[in-house]
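Since this is a predicted model, take the numbers as computed values, not measurements. In each ligand, atom 1 is the first atom listed, and ligand 1 is the first ligand listed.
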Amino acid sequence: MAGAAGIAIGTSARPLFAQQPATSANSVERLADDLYVLRLPEQETVVAQTTREGVVLVDGGSASAADAMLKAVAALPGAGPVITLFNTHWHPEQTGLNEQVGKAGRSIIAHENTRLWLTTDVTWPWNGQTFKRLPKVAQPNKTFYTTGKLDSGVQYGYVSDAAHTDGDLYVHFPQQNVLVVGGVVSGQGWPVVDYITGGWIGGLVGGLQRLQPLANEQTRIVPSRGPVLSLADLKTQTEMYGALYERLTQMLNKGRSPNEAVEAKPAKEFEARMGNSDEFVRRSFESLWAYLSPDA
Ligand SMILES: [Zn+2]
């Protein structure tokens, strides 16, 4: 088991790809000589930096794809063993490599709240889905509260607005001008508002605002879902979620129910671009209860 994440440069003869459906295709987007976005079928985005010491990963994909992900990482130019893994938040789409990396004795960096969620079972009331706690070895072993920095100059920080969960972090690669934002920003459709672990629509707005000073016009912004974004995209999203936050808050203050909020179609004008908004509106409206707790 030890060293499972320590895949060396070069290819092995193990026929891992044979286990994948014939239609699946990995994509590798090169952002810099040492920085890549990996997209595996059905997986959320993984960012890999190759360094002399080994590979730094931002998120790891889900556990079912762990072997395929490690193989894709090992195939990158200049790849070595995974030495550091960031969890941008606790969701299983981000933390599926934790066990391998933890067993190899490497760093798993996360906000302390993310670690805490991974030490407990979580159930989503809206669909009954339960997430089992991770074994100790797979839990983040290097947590922080506000900001941190790797020796290489890579910076990371807490997005305290609770855009997606209450443990969101960003990872900033200043040399490459790349900002990895995890679930704080969605590049593809409406995001999941996970209010059980702290996410809310006010946090979406706050998180988008908080990230903007870290970026300039040339910054490549990498979300968990969807294509690489720009600062202009963040500004567009800030306006959209800001407008929705206002509309939903007004409905809440008028004592409307979640059903009434959905029926009012407050996000109608954005649906051509973003898709059907019903679930997003319902979850966002419910998320306001947790934060604004009206007495009505
Ligand atoms: Zn997520």
| task | Give the total of protein N/O/S atoms at a distance below 2.8 Å from the Zn ion (ligand 1). | result |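 The number of such protein atoms is 3.
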
| message | Can you confirm whether the side chains of Thr95 and Asn98 place a donor and an acceptor under 3.5 Å from each other? | response |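 Side chains of Thr95 and Asn98: no pair found under 3.5 Å.
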
| field | Modelled atom types, side-chain donor and acceptor of His91 and Asp194, under 3.5 Å | value |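 Checked: His91/Asp194 side chains pair up, N/O donor to acceptor below 3.5 Å.
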
| said: For Glu269, give me all partners under side chain to side chain contact (heavy atoms under 4.5 Å, CB included), at least two apart in sequence or on another chain. | reply: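 Result, side chain to side chain contact (heavy atoms under 4.5 Å, CB included) vs Glu269: Arg247.
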
| message | For Ala267, give me all partners under side chain to side chain contact (heavy atoms under 4.5 Å, CB included), at least two apart in sequence or on another chain. | response |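 Partners of Ala267 by the side chain to side chain contact (heavy atoms under 4.5 Å, CB included) criterion, ordered by chain and then number, come out as Trp190, Leu244, Phe270, Ser277, Val281.
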
| message | I need the full list of salt bridge (Lys or Arg N to Asp or Glu O under 4.0 Å) pairs touching residues 216-229, with sequence neighbours left out, sorted by first then second residue. | response |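 Every salt bridge (Lys or Arg N to Asp or Glu O under 4.0 Å) pair that includes a residue of residues 216-229, provided the two are not neighbours, is Glu44-Arg225.
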
| request: Please work out which of the three classes, parallel, tilted or perpendicular, describes the rings of Trp200 and Tyr291, given edges at 30° and 60°. | output: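 Taking Trp200 first and then Tyr291, their aromatic rings lie parallel (interplane angle under 30°).
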
